[in-house]
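These notes concern the structure reproduced below.
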Protein chains: 2
Amino acid sequence: MHQQLGEVVKERRSSLHLTQEDLADMAGVAVRTLKAIEVGKGNPSLSTLQKLAEVLGMEIRLEIKKLNK
Amino acid sequence: MHQQLGEVVKERRSSLHLTQEDLADMAGVAVRTLKAIEVGKGNPSLSTLQKLAEVLGMEIRLEIKKLNK
DNA sequence: CTAAAAAGGGCAGTATAATGCACCAACAAC
DNA sequence: GTTGTTGGTGCATTATACTGCCCTTTTTAG
């Protein structure tokens, strides 16, 4: 269910040539926590996601769902 | 910091003519929790946000930030 | 191949989100 | 006025996210 967001984080992090440790340190979250998020385990809080998003140059958005499938 | 998302929830809920109790029941989250989210207090988990988003016909997205401002 | 770097995971302690309950405020009726 | 509806809050308990420590697996560099 959360794999999707985790994979987005992972791909974005890779494209920026950052290791999990790099990103975790820069975002101020534990490496252990980032690892769990990237593999789709756990249920991160909004603040944790936003800390990561900030470093990744991304943002969390709540949008009306596109209606298709 | 989280007011933004809370306000999105609140506005979308209103536009669907749902009370906080309606939405909370439909989404399977406690009314107490929804209230906190809408006024920007607390730090909801991804699963809580997704339950609400589902009922609201919305989705959580992690996107590359538009560079402006 | 070996060695190092990076990623993944188990576990236990701490911090905090989620919840129920009880209560108050604002407003609408009327 | 009272009554009902809706939204906001404090508090205590329960559930769980976050963390550090340690270890294993996988990938990368040489």
Side-chain angles (χ1 to χ4, degrees):
Chain A
M1 184 178 182
H2 305 317
Q3 282 109 321
Q4 222 148 338
L5 278 185
E7 286 182 10
V8 172
V9 169
K10 185 172 188 169
E11 288 175 15
R12 176 66 174 167
R13 175 178 61 78
S14 293
S15 77
L16 295 175
H17 306 294
L18 297 173
T19 65
Q20 290 180 334
E21 194 173 3
D22 289 335
L23 172 55
D25 287 350
M26 295 168 78
V29 310
V31 183
R32 191 69 190 73
T33 301
L34 174 58
K35 288 177 188 295
I37 292 172
E38 287 197 1
V39 297
K41 294 180 180 174
N43 176 29
S45 69
L46 179 58
S47 74
T48 296
L49 284 175
Q50 285 177 327
K51 285 180 203 166
L52 295 172
E54 179 65 22
V55 173
L56 295 173
M58 306 180 84
E59 59 187 346
I60 311 284
R61 300 186 56 181
L62 182 53
E63 300 176 338
I64 295 181
K65 210 182 293 182
K66 308 280 183 250
L67 52 137
N68 50 3
K69 185 42 199 34
Chain B
M1 184 179 181
H2 306 319
Q3 284 109 319
Q4 222 148 339
L5 278 185
E7 286 181 11
V8 172
V9 169
K10 184 171 189 170
E11 288 175 14
R12 175 67 173 166
R13 175 178 62 77
S14 293
S15 77
L16 295 175
H17 306 296
L18 297 173
T19 66
Q20 291 180 334
E21 194 172 2
D22 289 336
L23 173 55
D25 287 350
M26 294 168 79
V29 311
V31 182
R32 188 69 189 72
T33 302
L34 174 58
K35 288 177 188 295
I37 292 173
E38 287 197 0
V39 296
K41 296 180 180 174
N43 176 29
S45 69
L46 178 59
S47 73
T48 296
L49 285 174
Q50 285 179 327
K51 286 181 202 166
L52 295 172
E54 180 66 21
V55 173
L56 295 173
M58 305 181 84
E59 59 185 346
I60 310 286
R61 299 186 57 182
L62 182 53
E63 300 177 339
I64 294 181
K65 209 181 293 182
K66 309 280 184 246
L67 52 138
N68 52 3
K69 178 53 191 41

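Here the structure is a predicted model, which is why all the values come from computation and not from measurement. The chains referred to below are lettered A, B, ... by the order of the sequence lines, with proteins before strands, and numbering in each begins at 1.
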- Joint cluster assignment, B:L49 & B:V31, ILVMFWY side-chain distance < 4.5 Å: no
- dist A:E59:CD -> B:Q4:CD (nearest 0.5 Å) comes out at 8.5 Å
- Message: At less than 4.0 Å, is any side-chain N or O atom of B:K10 found next to OP1 or OP2 of D:dG8? Yes or no.
- Response: yes
- Message: Just verifying a value: how many Å separate B:R12 CZ and B:L18 CG, rounded to the nearest 0.5 Å?
- Response: 9.5 Å
- Between C:dA17 atom C1' and B:L52 atom CG, what is the distance in whole Å? 14 Å
- Mind calculating the distance between CG (B:L16) and C1' (D:dT6) to the nearest angstrom? 17 Å
- Item | Whole angstrom value for the distance that separates P of C:dT19 from CG of B:D25 | 11 Å
- Query: For C:dA5, does either OP1 or OP2 sit under 4.0 Å from a side-chain N or O belonging to A:T19?
  - Reply: no
- Closest of D:dT19, D:dT9, C:dG9 to the A:V39 side chain is C:dG9
- Closest to side chain of A:T33, choosing from D:dG8, D:dT19, C:dA7: D:dT19
- Item | Minimum-distance pair of heavy atoms, taken over all atoms of B:K65 and A:M58 | CE-O, 3.3 Å
- Query: What integer distance in Å separates A:L34:CG from D:dA17:C1'?
  - Reply: 14 Å
- Message: Please identify which of these residues, A:L5, A:I60, A:L34, meets the side-chain contact (heavy atoms from CB on, under 4.5 Å) condition with A:L52.
- Response: A:L34
- Spacing of B:K35 atom NZ relative to C:dC21 atom P, expressed in whole Å: 14 Å
- When you measure from the side chain of A:S45, which nucleotide among C:dG9, D:dG8, D:dC18 comes out closest? D:dC18
- Message: Using a heavy-atom cut-off of 4.0 Å across all strands, would you classify A:V31 as base, sugar-phosphate, or nothing?
- Response: nothing
- Base D:dG7 paired with B:R13 side chain (donor-acceptor, <3.5 Å): no
- Task: Could you state the atom-to-atom distance from CG of A:L23 to C1' of C:dA7 in whole Å?
- Result: 13 Å
- Query: In whole Å, what is the span from the CG atom of A:N43 to the P atom of D:dA17?
  - Reply: 5 Å
- Message: Using OP1 and OP2 only, check whether a side-chain N or O of A:K41 sits under 4.0 Å from C:dG9.
- Response: yes
- Query: What is the distance from CG of A:L18 to C1' of C:dA6, rounded to the nearest Å?
  - Reply: 13 Å
- Side-chain-base donor-acceptor pair under 3.5 Å for B:R32 and D:dG8: no
